[in-house]
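Quick notes on the structure that follows.
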Amino acid sequence: MSQPLVLSGNSLNLADIEAVALRAGSDIRLADEARRRVAASRAVVDAALAEGRVVYGVNTGFGALSDVVIPEADIEPLQLNLIRSHAAGVGDPLGPEATRAVLLLRANTLAAGVSGVRVELVEALLALLRHDILPRIPRLGSVGASGDLAPLAHAALAVIGEGQVRSGVDAWEPAAEALRRAGIEPVRLSAKEGLALINGTQVHTAIGALALLAAERAVDSADVTGALSLDALRGTPDAFAPEIQDVRPHAGQRVTAARLRGLLDGSEIRESHRSGDARVQDAYSLRCMPQVHGASRQLLGYVREVLAVEVNSATDNPLVFAESGRVLSGGNFHGQIVSQALDLVPIACADLCAISERRVARLVDPAMSGLPAFLTERPGVQSGLMMVQIGAAALVSDARRLAVPASVDSIPTDNNKEDHVSMGVGAALKAARCVDILETVLGMELLAACQALDFLAPLRSGRLVEEARSALRGLVPRLEEDRYLAPDIEAAANLVASGSLADVARRAGL
């Protein structure tokens with residue numbers, strides 16, 4: 001981002017989130033109108049305290065302890081105790097990209113000006129991002145009760161100068177030391193602010209937003225690997241004709257078909273067997289790419305709609321409305337809509353894994369491809385790409401297991417006060433893992449399809465397909481004899497993850 005990102009609480013987009021996530025030390029500032037809203041909301045909290053009113057989250061306990069009224073002298077210790085007691089996550093920490101996204105989304109929801117916090121608290125979160133001071137947020141331990149309480153509490157520890165952080169180095173260090181080095185004063189939490197830091201959906205929304213963007217790139221990349229496989233198997237693009245799509249005009253299907261037509265345009269391979277091709281139609285994994293890839297693309301479109309709303313939503317409880325002066329307790333922290341949407345990501349990815357692996361299986365089988373077994377010059381003496389297909393099959397099985405939804409797995413917590421929970425972080429982590437698997441399976445297909453096309457030389461595929469093939473060949477040479485394949489698979493998967501193939505697909509149409 002060349003220009004500072006200005007947070008208003010209502011205008012953040014998914015591209016902004018990824019840009020901040022990928023860059024250490026982003027310049028992020030709070031919009032003037034957001035400052036005014038935050039200050040006005042805080043004034044309502046201060047007035048309630050001055051009048052001695054009992055307000056949930058301000059001068060009461062939390063969750064099952066909400067009926068306990070807290071004396072004025074204990075209000076600040078209450079907020080501090082809340083952060084410390086709820087920082088009970090376990091497991092490996094989130095990576096730096098997801099952690100930056102969590103901090104950004106938490107700052108943005110507070111910037112909406114309905115959480116009753118001071119402007120200084122929002123600025124403290126932005127200071128962490130500017131200095132790339134990243135709290136250690138364990139992946140596990142959240143059920144989505146009152147939002148992502150445990151992981152957000154770990155993020156909040158850094159604001160108050162506690163817990164562990166990473167700042168420009170791989171090693172973890174005490175947050176107090178990193179803040180001191182950056183010249184940042186730890187925040188002394190005031191009424192409502194501890195709760196405002198941990199009540200919401202920002203962890204699973206952050207992980208999910210990054211997973212969605214990667215999944216969208218993977219769907220586009222699948223069109224490219226599918227086009228490579230179709231030509232390598234000397235299939236026909238007739239099934240992608242506009243007339244077929246026009247009479248079943250699902251948006252995802254039409255986009256996929258148009259891109260496949262554009263990718264294969266000008267293929268010498270297709271022209272070489274057009275007149276003598278006796279095949280009436282190809283297998284489903286080739287012929288039905290518009291219907292299958294398109295379904296995944298359209299499913300991800302719904303997930304995008306949900307996340308686009310969620311990243312600019314106020315998910316705290318209670319919410320503090322300056323215009324009416326009301327402090328209302330509700331359920332915006334409940335992540336069910338996000339959790340359900342994120343459960344769709346592994347479904348979309350697992351389906352793409354399955355169809356991609358079937359194309360790999362056809363490429364390495366001489367009975368289906370007409371090419372040497374396992375795409376090696378010396379089958380038997382050499383195993384060629386045998387293990388690429390076997391590895392892809394294993395990953396498909398993993399993806400299918402991840403496609404089992406988390407959002408239906410509610411379990412009561414907090415003395416049954418929180419008796420229906422979203423399992424949002426679980427859904428988000430599954431989504432991210434399944435996207436990683438898809439990128440690898442597509443990388444495996446890319447390896448196999450490019451190897452197969454090498455056997456059809458000197459004939460060439462369409463211009464854009466050849467561009468994708470050249471991108472791989474710049475990283476991975478043709479397999480002339482058996483070699484250590486893990487680095488080849490990793491390089492191909494990274495090429496998919498980079499978005500390079502997605503860029504090729506997007507230039508092919510729609």
Side-chain angles (χ1 to χ4, degrees), residues 1-9 11-30 87 89 91-111 121-139 142 147-148 150-160 163-173 175 178-179 181-182 184 187 197-198 200-214 217 307-308 310-312 315 338 342 424-425 428-429 431-432 435-436 497-499:
M1 297 183 304
S2 57
Q3 298 294 322
L5 175 63
V6 179
L7 284 192
S8 66
S11 59
L12 193 64
N13 62 50
L14 300 185
D16 292 333
I17 296 168
E18 188 172 55
V20 170
L22 294 176
R23 179 179 176 180
S26 295
D27 186 6
I28 310 169
R29 303 174 188 178
L30 190 61
D92 293 335
L94 296 179
E97 293 84 5
T99 303
R100 293 185 191 111
V102 169
L103 294 175
L104 175 65
L105 289 182
R106 198 64 208 157
N108 192 59
T109 195
L110 296 180
L121 189 64
V122 187
E123 291 287 10
L125 290 167
L126 299 185
L128 294 181
L129 283 168
R130 280 194 294 271
H131 291 274
D132 205 39
I133 297 172
L134 305 180
R136 189 183 191 280
I137 304 176
R139 295 171 182 267
S142 174
D148 302 326
L152 284 173
H154 282 272
L157 282 175
V159 176
I160 62 175
Q164 291 184 311
V165 300
R166 256 193 314 224
S167 178
V169 294
D170 290 334
W172 297 102
E173 64 177 327
L179 294 183
R181 195 168 57 247
I184 300 172
V187 173
L197 282 170
I198 70 173
T201 64
Q202 283 66 50
V203 173
H204 62 267
T205 301
I207 299 168
L210 298 179
L212 170 68
L213 292 169
R217 288 190 288 269
L307 292 179
E310 190 69 14
V311 300
N312 290 302
T315 57
V338 180
L342 293 179
V425 173
L429 291 172
V435 174
D436 288 343
S498 74

Which heavy atom of [X] sits nearest a heavy atom of [Y], and at what distance?
| X | Y | answer |
| --- | --- | --- |
| Ala178 | Ser167 | CB-CB, 4.5 Å |
| Val6 | Ser11 | O-OG, 4.5 Å |
| Ala155 | Leu103 | CB-CD2, 4.4 Å |
| Leu126 | Ala107 | CD2-CB, 3.7 Å |
| Leu429 | Arg139 | CD1-O, 3.6 Å |

Starting at [atom1] of [X], measure out to [atom2] of [Y] and round the result to the nearest 0.5 Å.
| X | Y | atom1 | atom2 | value |
| --- | --- | --- | --- | --- |
| Asn108 | Leu125 | CG | CG | 11.0 Å |
| Asn312 | Asn13 | CG | CG | 8.5 Å |
| Asp92 | Ile137 | CG | CD1 | 13.5 Å |

*Considering only heavy atoms from C-beta outward, does the side chain of Ser26 approach that of Arg100 to under 4.5 Å?*
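Answer no - side chains too far apart.
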*Just checking, any donor-acceptor pair under 3.5 angstrom between side chains of Gln202 and Thr315?*
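Their side chains do contain a donor-acceptor pair, which is all the 3.5 Å distance test asks for.
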*Quick check: does any side chain N or O of Arg136 sit under 3.5 Å from a backbone N or O of His154, one acting as donor and the other as acceptor?*
no
*Do Arg106 side-chain atoms and Leu197 backbone N/O form a donor-acceptor pair below 3.5 Å?*
yes
